[in-house]
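Everything numeric in this text was worked out from a predicted model, so none of it was measured.
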Amino acid sequence: MKKLVCLGLVLGALGTFGMPLTTAHASEKTVPMNLTVQATPIDVTVSNAINMTLPSNSTVMSVSDLSVKNNSAIGVVEVSKVAVTPKAGWTKVADTIDFKTLPFNTKKFSLKIADVDVANVDYSTKISVDPLATQVLKFTGQSAGVTAVVTSEVVADTVVTMSFK
């Protein structure tokens, strides 16, 4: 009888240690993935001024370019509009006017941006400026003659509308 009790204890111990007491169940855990991104500001350099020079005995002005430089390493800047608003008593007129027949000192000028006459409309051809690149807008213009020298008079404001594409 002693042997049977011992055998029973041994078998019972083996059963306890040989088989798991609990069964493991598979489960899922959702782990959020967080993203932090710093905003990329539009970092653009635009010409400080557009200079127009009218030589003596001529109606055709020499007009400097408008350059738009995208200083950002990422993101395309889109120029969507260039608006020219006359100031100081000056009037923007169509480029088709015969400036040679206008009276002196009339304070009228024409301006074309990339061959678009901006007398009555804004320049609205979309221009894309790639990262770290520069786009240049070419201007041409005319004005009537004057009887006294005009030096660095502000004749218009130019507003360039831009956004990230």
Got [X] and [Y] here, is their nearest side-chain heavy-atom distance under 4.5 Å?
| X | Y | value |
| --- | --- | --- |
| Val63 | Thr140 | no |
| Ser67 | Val46 | no |
| Ser80 | Thr161 | yes |
| Val68 | Ile127 | no |

Rounded distance [0.5 Å steps], [atom1] in [X] versus [atom2] in [Y]:
| X | Y | atom1 | atom2 | result |
| --- | --- | --- | --- | --- |
| Lys126 | Lys81 | NZ | NZ | 10.0 Å |
| Gln142 | Leu111 | CD | CG | 11.0 Å |
| Asp95 | Asp115 | CG | CG | 9.5 Å |
| Asn48 | Leu66 | CG | CG | 10.5 Å |
| Asn51 | Ser62 | CG | OG | 9.0 Å |

Does [X] share a hydrophobic cluster with [Y], counting links as ILVMFWY side-chain heavy atoms below 4.5 Å and allowing steps through other members?
| X | Y | result |
| --- | --- | --- |
| Phe99 | Trp90 | no |
| Val155 | Leu137 | yes |
| Tyr123 | Met61 | yes |
| Met52 | Ile97 | no |
| Leu102 | Leu54 | no |

Could you pull out the closest heavy-atom pair between [X] and [Y], with the gap in Å?
| X | Y | result |
| --- | --- | --- |
| Val79 | Val82 | CG1-CG2, 4.2 Å |
| Gly75 | Pro131 | O-CG, 3.5 Å |
| Val121 | Asp117 | CG2-O, 3.6 Å |
| Gly89 | Lys107 | O-CB, 3.8 Å |
| Phe164 | Ile74 | CE2-O, 4.1 Å |
| Ala148 | Asn105 | N-OD1, 4.5 Å |

Determine, stepwise, if the pair Ser128 / Lys165 fulfils side chain to side chain contact (heavy atoms under 4.5 Å, CB included). CA-CA 8 Å; Ser128 294; Lys165 187 174 179 181; 3.0 Å; yes
Residues in side chain to side chain contact (heavy atoms under 4.5 Å, CB included) with Val154, at least two apart? Lys87, Asp157
Please identify each residue that fulfils side chain to side chain contact (heavy atoms under 4.5 Å, CB included) with Val60, with sequence neighbours left out. Ser58
Can you tell me if CG on Asp98 sees more than 12 non-hydrogen neighbours from other groups inside 6.0 Å? yes
Determine whether more than 12 heavy atoms belonging to other residues, nucleotides or ligands lie under 6.0 Å from atom NZ of Lys108. no
Can a side-chain donor-acceptor contact be found between Thr45 and Asn71 if the only test is distance below 3.5 angstrom? yes
